[in-house]
A.B. asks: 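Let me begin by handing over the structure; questions about it come next.
In the text below, chain A, chain B and the rest are named by the order of the sequence lines, each starting its count at 1.
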Amino acid sequence: MNDPNTTSGSVAEGRPIRVLIAKPGLDGHDRGAKVVARALRDAGMEVVYTGIRQTPEMIAEAALQEDVQVVGLSILSGAHLGLFPRIVEELTQRKIDDVLLFAGGIIPAEDVSQVEALGFKGVFGPGTDTRDVIEFVRENAPRRV
Amino acid sequence: MDAQEIVDSLLAGDRRALARAITHVEADTMIGREILRQVYPRTGRAQTIGITGSAGTGKSTLVGAVAREERVRGRTVGIVAVDPSSPFSHGAILGDRIRMQELTSDPGVFLRSMASRGNLGGLSETATGVVDLMDVFGHDVVLIETVGAGQDEVEVATTAQTTVLVTNPAAGDEVQSMKAGLMEIAQIMVVNKADLAGADTAVAQLRALLAIANHDAWKPPVLSTVARANEGVAELVDSIDDHQEHTRSDTHGAQERERHVRGQIVALVRAGLHREVFEIDKVNSLLDELVLEVAARNQDPRSAAGELLEALPKLWATPEEM
Ligand SMILES: Nc1nc2c(ncn2[C@@H]2O[C@H](COP(=O)(O)OP(=O)(O)OP(=O)(O)O)[C@@H](O)[C@H]2O)c(=O)[nH]1
Ligand SMILES: [Mg+2]
């Protein structure tokens, strides 16, 4: 995670990738979200961290205002199948169709395909190596300007 | 979207266009520069207010409280929150939204986080443009949060008409050391966390310092707040309004406006020169050559600097093609 060779989180033209890390739902544990946020920061990205208990509307609104390329959601409460579709809907309502979505936390294997069908390109379970998340974001983040 | 489309949508009140315009300005693209050229004549309607001070003094909490008070007064609010980039990875965690949660779903508020991207002077360059965009979008008030103490902070002060310097009680040493540069940039001083011991002393110290500092027509007030409990916030907004009135008054308006844009132009020139000198490879290889010459005492530092200045390619005027 502190590999000196991975210090540029930049896309080709040398601009840092902007990522929103948010915690939807009611559970108050954001240790995992913070670990991912720091890892992405250490990989040279600019991470907007919104804190816990975000409503779908707050997440979509933050993604809009911050014009992030990537939105990562961390969820432990088991409410993903309820919350994720609402978040995608809020994003769609705002015509945000050009962000990379990924999810982390506790998402049972049998739910993964449903989450992916919503447009999440990456689903990372507990114990994921943060280097995998960094690589995933670097490879898939859409270009912004 | 090209510059024209972005400008049109932005002026029509499209929040996404505002967000994208900011991205262009932050990245200093051709489109970004074109957008700023087009919108600049329409700027100047918003109150622009910088909130600055050392890390952890409660700036974000205060910005949130001020924004709520402005909303109560019926004004829309744009917020630009700047956090430092890591000098090692160049990445950043932009966490100011955490303290402004409830503003996120208010359609009268638009909050954008920015990383300082570590380039001295460059921050004021982009922040000034972002503030202009927030202004032409139609926000009545634009609040800019910046951290730090030093040159960056002084430069960022040029982005706002009114700069509020936030300090804390028991920051006596800080107050002593800040008198030189910072006093001059701030038009309003705030001792936040006034619920902690020593607030009265800090206020008195600041007032004593300001009494000997030479200020023109405007006498910077020293206020105390408890941002976390909304105390003193209405008084702060009153004070900001007073200063805004001052900067727009018949007697002082022209002078204040000129002071403000002079600061902006000088900051942009400084940023441009800095970039030309230190961020362009061609310049760096010339610098390396000159270093060897001067180290061998074949040339003196002053003439080496002169040679470098003359050789500066005028790349600043033409940003990367996007
Ligand atoms: N006691 C007290 N604590 C406060 C007050 N205002 C803010 N704080 C606390 O101070 C801490 C820092 O607040 P922030 O608003 O994040 O401060 P900041 O200056 O924006 O911090 P950075 O952006 O990290 O430089 C938080 O724990 C706040 O709850 C206050 O009036 N009194
Ligand atoms: Mg802050």
Side-chain angles (χ1 to χ4, degrees), chain A residues 1-4 6-23 30 33-34 36-69 90-91 94-98 134 143-145, chain B residues 1 6 9 14-32 35 60 78-107 109-118 134 279 319-322:
Chain A
M1 172 160 122
N2 271 319
D3 179 358
T6 59
T7 50
S8 112
S10 7
V11 270
E13 60 285 354
R15 299 194 175 103
I17 297 173
R18 283 172 64 89
V19 185
L20 177 74
I21 296 291
K23 262 204 69 65
D30 63 347
K34 281 181 171 160
V36 171
R38 282 194 209 102
L40 296 177
R41 187 260 326 262
D42 291 342
M45 301 178 202
E46 293 177 355
V47 184
V48 178
Y49 184 64
T50 58
I52 57 176
R53 303 207 171 93
Q54 301 287 296
T55 64
E57 190 202 0
M58 285 161 94
I59 292 167
E61 204 38 53
L64 181 150
Q65 294 174 20
E66 301 288 354
D67 196 21
V68 289
Q69 291 141 275
E90 291 284 346
L91 289 169
R94 288 170 179 77
K95 302 196 181 70
I96 301 174
D97 49 10
D98 54 355
I134 293 167
R143 206 185 134 103
R144 208 23 116 239
V145 291
Chain B
M1 281 207 285
I6 295 177
S9 314
D14 178 349
R15 290 156 75 80
R16 256 198 106 203
L18 173 60
R20 187 56 49 89
I22 295 174
T23 302
H24 275 288
V25 166
E26 194 181 21
D28 193 26
T29 65
M30 286 289 240
I31 290 178
I35 291 170
S60 296
I79 302 172
V80 185
V82 184
D83 278 320
S85 298
S86 155
F88 307 108
S89 71
H90 305 298
I93 292 196
L94 310 175
D96 297 312
R97 294 194 87 92
I98 297 173
R99 309 235 176 271
M100 308 183 205
Q101 297 277 11
E102 73 292 348
L103 297 174
T104 292
S105 30
D106 179 345
V109 177
F110 190 106
L111 164 54
R112 181 63 171 248
S113 313
M114 279 175 67
S116 65
R117 298 199 175 168
M134 293 275 197
E279 289 173 24
E320 294 165 57
E321 208 57 53
M322 290 310 303

A.B. asks: The criterion is side chain to side chain contact (heavy atoms under 4.5 Å, CB included); which residues satisfy it with A92(B), sequence neighbours excluded?
C.D. replies: E46(A), S85(B), L94(B), A115(B)
A.B. asks: Could you list all the salt bridge (charged side-chain N to carboxylate O under 4.0 Å, His left out) pairs where at least one residue sits in residues 55-64 of chain A, not counting sequence neighbours?
C.D. replies: E61(A)-R94(A), E61(A)-R15(B)
A.B. asks: When you measure from the side chain of Q54(A) to the backbone of K23(A), do you find a donor-acceptor pair of N or O atoms at a distance under 3.5 Å?
C.D. replies: no
A.B. asks: Without swapping roles, check the side chain of S105(B) against the backbone of M58(A) for a donor-acceptor pair under 3.5 Å.
C.D. replies: no
A.B. asks: Could you look at Q101(B) and say if it's the side chain, the backbone, both or neither that has a heavy atom under 4.5 Å from chain A?
C.D. replies: both
A.B. asks: Give, as side chain, backbone, both or neither, the part of I52(A) having an atom under 4.5 angstrom from any heavy atom of chain B.
C.D. replies: backbone
A.B. asks: Of the backbone (N, CA, C, O) and the side chain (C-beta and beyond), which part of D98(A) lies under 4.5 Å from a heavy atom of chain B, both, or neither?
C.D. replies: side chain
A.B. asks: Hey, could you give me the CD1/CG distance between I79(B) and L103(B), rounded to the nearest 0.5 Å?
C.D. replies: 5.5 Å
A.B. asks: Who wins among R99(B), R97(B), M114(B) for the most heavy-atom pairs under 4.5 Å with chain A?
C.D. replies: R97(B)
A.B. asks: Check each atom of S86(B) against the heavy atoms of chain A and say whether the ones under 4.5 Å are side chain, backbone, both or neither.
C.D. replies: side chain
A.B. asks: Is chain A contacted by the side chain of V80(B), its backbone, both, or neither, given a heavy-atom distance below 4.5 Å?
C.D. replies: neither
